[in-house]
Amino acid sequence: MTTISTIENDPAGGQPPPAALLRAEPDRNCPLCPRLSSFREAARAREPGWFNSPVPSFGDPDGRLLIVGLAPGLQGANRTGRPFTGDFAGDLLYATLIEYGFAKGIYQARPDDGLTLVDCRISNAVRCVPPQNKPLPVEINTCRPFLTATTGTMSKLRAIVALGRVAHESMLKVLGLRSSAAPFAHGAIHQAGALKLYDSYHCSRYNTNTGVLTPKMFRSVFAKVRADLG
Ligand code: SF4
C-alpha cells in the first residue's frame, strides 16, 4: 500500500547554501573529499581510459522529474561518465524510464548511444565513485551542495525519485525536511509543498538478485510518478 506523508519545511535546514556553493557541477579534480579524491587518482593511474571524475547530472534541466541515485559505480558511471550507464542498475533504470516515457532511444550502456531523457534528469547524492560503493557520511554531506544546486536549477521540478535510503536522506536535507516526518520506505510518497518525493529501493544488482527489489516493484514507483505528472 502506498504511504503518503505530508511534511513541513524545517526553517533551519531549509536555508539556502552560501552563493559560493551554488554550483551544480564540481570541478573534475574536486578536492573536497580526500578519500574519494585519492581513490579517483588511483583509478586514473590504473585505468586512464575511464572517465574517473565527478559524474555530472544527465538529462533535461527543465524536466519535472529528478532521479537521485547513490554514487557512480566503479565500472559503471565512473567508467563511462554518464549516470547509471554501463552497469546492471542502468539496465533496469533506463528500461523503466523508456517504458514510462521518461527516456527515448535505445539504451546501449554507452554515453554516445543517443539515449535522451524526456522531462527527466538523473543525478547522484555523491558525484565521485566511493570504495565498495559506500560513501562516508561526511562525504555525503560534503557533496550535498552540488545536489542542492542541481535541484535549485530545475525551475519546473515537481517529482523526485530517491533510489535508496542514502539518496532519500540526502534529499530530505536538501529540501530542509525532518527525517522523522518522512521515513524511507519503498513506495512511500512524501509531499513537500509543490514537490513529491518518491522512495524506491536502489535498482542495484544486489537488490534485484536478492529479491529486495523486483522489476514490478520498481515499475510501480514510476507508474505513480507518470500518473501524477500526467
Ligand atoms: S564526492 Fe562531491 S564533494 Fe566529494 S570530491 Fe567528489 S565531487 Fe567533490
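Remember, it's 1-based here, ligands and their atoms both numbered in the order they're listed.
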I'd like to check which ligand 1 atoms, numbered from 1 as shown, lie under 4.0 Å from a non-hydrogen atom of [X].
X      : value
Val126 : 1 (S)
Pro26  : 7 (S)
Leu36  : 1 (S)
Cys30  : 3 (S), 5 (S), 7 (S), 8 (Fe)

Ser57-Ser123 side chain donor-acceptor pair, cut-off 3.5 Å: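 Short answer, yes.
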His186 and Asp199: side chain donor to acceptor below 3.5 Å: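 Judged by distance alone, the side chains do not pair up.
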Heavy-atom nearest neighbour in the protein, as seen from atom 6 (Fe) of ligand 1, with distance rounded to 0.1 Å: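 Looking only at protein heavy atoms, the one closest to atom 6 (Fe) of ligand 1 is Cys128 SG, 2.4 Å.
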Top protein contact for atom 4 (Fe) of ligand 1, by heavy-atom distance: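 That would be Cys33 SG, 2.3 Å.
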Pair Asp119-Arg158, salt bridge (Lys or Arg N to Asp or Glu O under 4.0 Å): steps then yes or no: CA-CA 10 Å; Asp119 202 18; Arg158 292 292 175 271; over 6 Å; no
Electrostatic pair Arg64-Asp60, nearest N-O below 4.0 angstrom: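 The answer is no: the pair does not qualify as a salt bridge.
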Under-4.0 Å salt bridge between Arg127 and Asp27: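 Between Asp27 and Arg127 there is no salt bridge, as every charged N stays at least 4.0 Å from the carboxylate O atoms.
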N, O or S of Cys143 under 2.8 Å from atom 2 (Fe) of ligand 1: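 So Cys143 does bind atom 2 (Fe) of ligand 1 by this criterion.
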Aromatic plane relationship, His168 with Phe184 - under 30° parallel, 30 to 60° tilted, over 60° perpendicular: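 Answer is perpendicular, since the angle exceeds 60°.
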